[in-house]
There are 2 protein chains.
Amino acid sequence: MSPPFALPAVLHELVRTHQTFLTYAAIHTHTLDLTLPQFDIILTLGNALDMTFKRLGEKTLITKGTLTGIINRLEDKGLVQRVASKTDSRCQILRLTSAGTVLFEHAVPEHLDYVHRIFKGYSPEDIATLEAALLRLRKSVVAGSCVGSGKLVDGVDGWCDKVKDVCKNYQGSL
Amino acid sequence: MSPPFALPAVLHELVRTHQTFLTYAAIHTHTLDLTLPQFDIILTLGNALDMTFKRLGEKTLITKGTLTGIINRLEDKGLVQRVASKTDSRCQILRLTSAGTVLFEHAVPEHLDYVHRIFKGYSPEDIATLEAALLRLRKSVVAGSCVGSGKLVDGVDGWCDKVKDVCKNYQGSL
DNA sequence: ACTATTTTGTTCTAATTAGAACCAAATAGG
DNA sequence: CCTATTTGGTTCTAATTAGAACAAAATAGT
C-alpha cells in the first residue's frame, strides 16, 4: 500500500536505476584499482588534448573542490600530470601520463564493451526514446525550478540559477 | 564531434538528470537545515511504525555503515530516537521524536508540492512510460551483470549477486 | 544441547560530495 | 592607466558513500 506521503514512484525509480548502474560500472573499474570518478576522468582526458580543470569539471560534472582532490590521487597513481598553461598563469593543463595512456587504451574499450551489455535487448529506437525521456525530465526539473519569481520560499534566492548551472549545456562524454 | 571512446549518451543523460534532480530537491531540504539523505529518512520514518535499521536501509538504499552516521546526526538534531527492540536484542527501533513528527507533518507536504512541480507538463501516461523505461533499464543492468558465468574477468566473483543485491525488490517510498 | 553459520548494528577507513573562503591572475570598464 | 570585478585552482569543512572487520545475538543443523 502506498504510504500517505511519498515521492513520485518515477523519481524513486530514477534514483534506484542510477544507483544500480553505478554499482554495475564500479565493479569493473574496481578491477583497475580505480573509482568511478577516477575512471571517468581518465576516459575524459584520453579523449581530448589540453584539458583545463574548468573544462574537465564541466565535462564530468565534478565540482572544482572535489576535482582537485581526485586529480591529486590520480597524480599519486602516476596516471595524470599537471602542466602549467603558457597563456594563462592561473590555469593548469591536465594530461594522461604514458601509464595513463596505456591504461586508457586497454581499459576503456573493455569498459565500454562491459557497459554496452546493458543494452543487449535494446533497439536503437529504444535507446533514443529513453534518452529523450530523460532529457525531457531534466528540462522539466529546470522548468520546475523557474516557476514563479525564482524564489522557493522567502529568503531563498538563486535556486533557479543554481539548477540551471548544473543543467548547463556542454558537449562531451560521461 | 563524438569522441572515439565514450559511454552511451543515454547513460550520460541518466547521470546528469539524476544530478539535476538531486540539486533541485536539495535546495528545498537545505531550507530545513537537512541534507537529502536526512530528509529521506524523516520521510520514511514518518510513513511507518517500528522501523529497524535493516528495513530503513532497504527502503532508502543507504548502506548500513552510512546509515548509522546519519541516524546519529538526526539524533543530535533531536528529530529521531532509537528504542531497543523487545524481541531481538540486536535490533533497534527507529522513531521520529515529537519535533521530528512536527517537521514531518509540515515539511513533507511542502516538499512533495515542490517536487510535483517537475511534472507540471506531464500526463499520467507520460509518467508511467518514463517509470517503465527506467525499470526496464534497471533490469537490463542486472541482466547485463548476469551474462556468462557471473564473472566479469578472471578473479572477480560475485558481481552478479552484488548488482542484484542493490536491485533487490522492496516496497516503499524514496 | 551443542556447534556452526548468519544476522544486526557499530566502528573504521578511504574516497567523494558540495560549496564557501581564499589568493593570484585575467578581464571589464571608465 | 587605474580601479573594480570576475575567474581558475587550492584549501578547508561537514556530510555522505561504500564496504570491511567486529562483537553479540539469533538461527540452522545435527
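All figures in this text were calculated on a predicted structure; none of them were measured in a lab.
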Student: Look at Thr68(A) and dT10(D) and indicate whether a side-chain polar atom (N or O) is within less than 4.0 Å of OP1 or OP2.
Tutor: yes
Student: More 5' along DNA chain C: Asp88(B) or Lys77(A), using each one's nearest nucleotide?
Tutor: Asp88(B)
Student: Please tell me if Arg73(B) has a side-chain N or O lying less than 4.0 Å from either OP1 or OP2 of dT16(D).
Tutor: yes
Student: To the nearest 0.5 Å, how far apart are CD in Gln81(B) and CD1 in Ile71(B)?
Tutor: 11.5 Å
Student: Return the value, rounded to whole Å, for the distance between atom CD1 of Ile62(B) and atom C1' of dA15(D).
Tutor: 12 Å
Student: Would you indicate what Thr35(B) reaches in the nucleic acid, counting non-hydrogen atoms under 4.0 angstrom: base, sugar-phosphate, or nothing?
Tutor: sugar-phosphate
Student: Where does the angle between the aromatic ring planes of His111(A) and Tyr114(A) fall among parallel (under 30°), tilted (30 to 60°) and perpendicular (over 60°)?
Tutor: tilted
Student: Taking atom C1' of dG8(D) as reference, at what distance in whole Å does atom CG of Leu56(A) sit?
Tutor: 13 Å
Student: Please pick, from dT16(D), dA18(C), dA25(C), the nucleotide with the shortest atom-to-atom distance to any side-chain atom of Gln19(B).
Tutor: dA18(C)
Student: Rounded to whole angstrom units, what separation is found between the CG atom of Leu67(B) and the C1' atom of dG19(D)?
Tutor: 14 Å
Student: dC22(C) phosphate, OP1 or OP2: any side-chain N/O from Arg90(A) under 4.0 angstrom?
Tutor: no
Student: Leu96(B) vs Val80(B), test: side chain to side chain contact (heavy atoms under 4.5 Å, CB included). Steps then yes/no.
Tutor: CA-CA 4 Å; Leu96(B) 293 181; Val80(B) 160; 4.0 Å; yes
Student: Evaluate the salt bridge (Lys or Arg N to Asp or Glu O under 4.0 Å) criterion for residues Arg55(A) and Glu58(A): first the C-alpha distance (whole Å), next the side-chain angles of each, then the deciding distance (0.1 Å), finally the verdict.
Tutor: CA-CA 5 Å; Arg55(A) 283 293 288 145; Glu58(A) 286 170 352; 3.0 Å; yes
Student: Quick one: which of Ile62(B), Leu45(B), Ile70(B) gives a side chain to side chain contact (heavy atoms under 4.5 Å, CB included) with Leu56(B)?
Tutor: Leu45(B)
Student: Among the nucleotides dA18(C), dT10(C), dG19(D), which one has an atom lying closest to any side-chain atom of Thr63(B)?
Tutor: dG19(D)
Student: Using a cut-off of 4.0 Å on non-hydrogen atoms, how would the nucleic acid contact of Leu36(B) be classed: base, sugar-phosphate, or nothing?
Tutor: nothing
Student: Carefully, step by step, assess Asp126(B) and Ser123(B) under the rule side chain to side chain donor-acceptor pair (under 3.5 Å).
Tutor: CA-CA 5 Å; Asp126(B) 289 334; Ser123(B) 70; 3.2 Å; yes
Student: dT7(C) C1' sits how many Å from Arg55(B) CZ, rounded?
Tutor: 16 Å
Student: Within the pair Lys64(B) and dG9(C), is there a side-chain N or O less than 4.0 Å away from OP1 or OP2?
Tutor: no
Student: In whole angstrom, give the distance that lies between atom CG of Asp40(A) and atom P of dT16(C).
Tutor: 11 Å
Student: Check every atom of dT17(D), dG9(D), dA15(C) against the side chain of Cys91(A) and return the nucleotide holding the closest atom.
Tutor: dG9(D)
Student: Could you state the atom-to-atom distance from CD1 of Ile70(A) to P of dT17(D) in whole Å?
Tutor: 16 Å
Student: Among the candidates dT10(D), dA26(C), dG9(C), find the nucleotide nearest to the side-chain atoms of Gln92(A).
Tutor: dT10(D)
Student: Whole angstroms only, please: what is the CG-P distance between Asn72(B) and dA15(D)?
Tutor: 12 Å
Student: Lys54(A) has an atom NZ; how far is it from atom P of dT10(D), in whole Å?
Tutor: 15 Å
Student: If you look at every strand shown and take non-hydrogen atoms under 4.0 Å, does Ser89(B) touch a base, only sugar-phosphate, or nothing?
Tutor: sugar-phosphate
Student: Would you kindly compare Gly65(A) and Thr87(A) by the position of their nearest DNA chain C nucleotide and give the one closer to the 5′ end?
Tutor: Gly65(A)
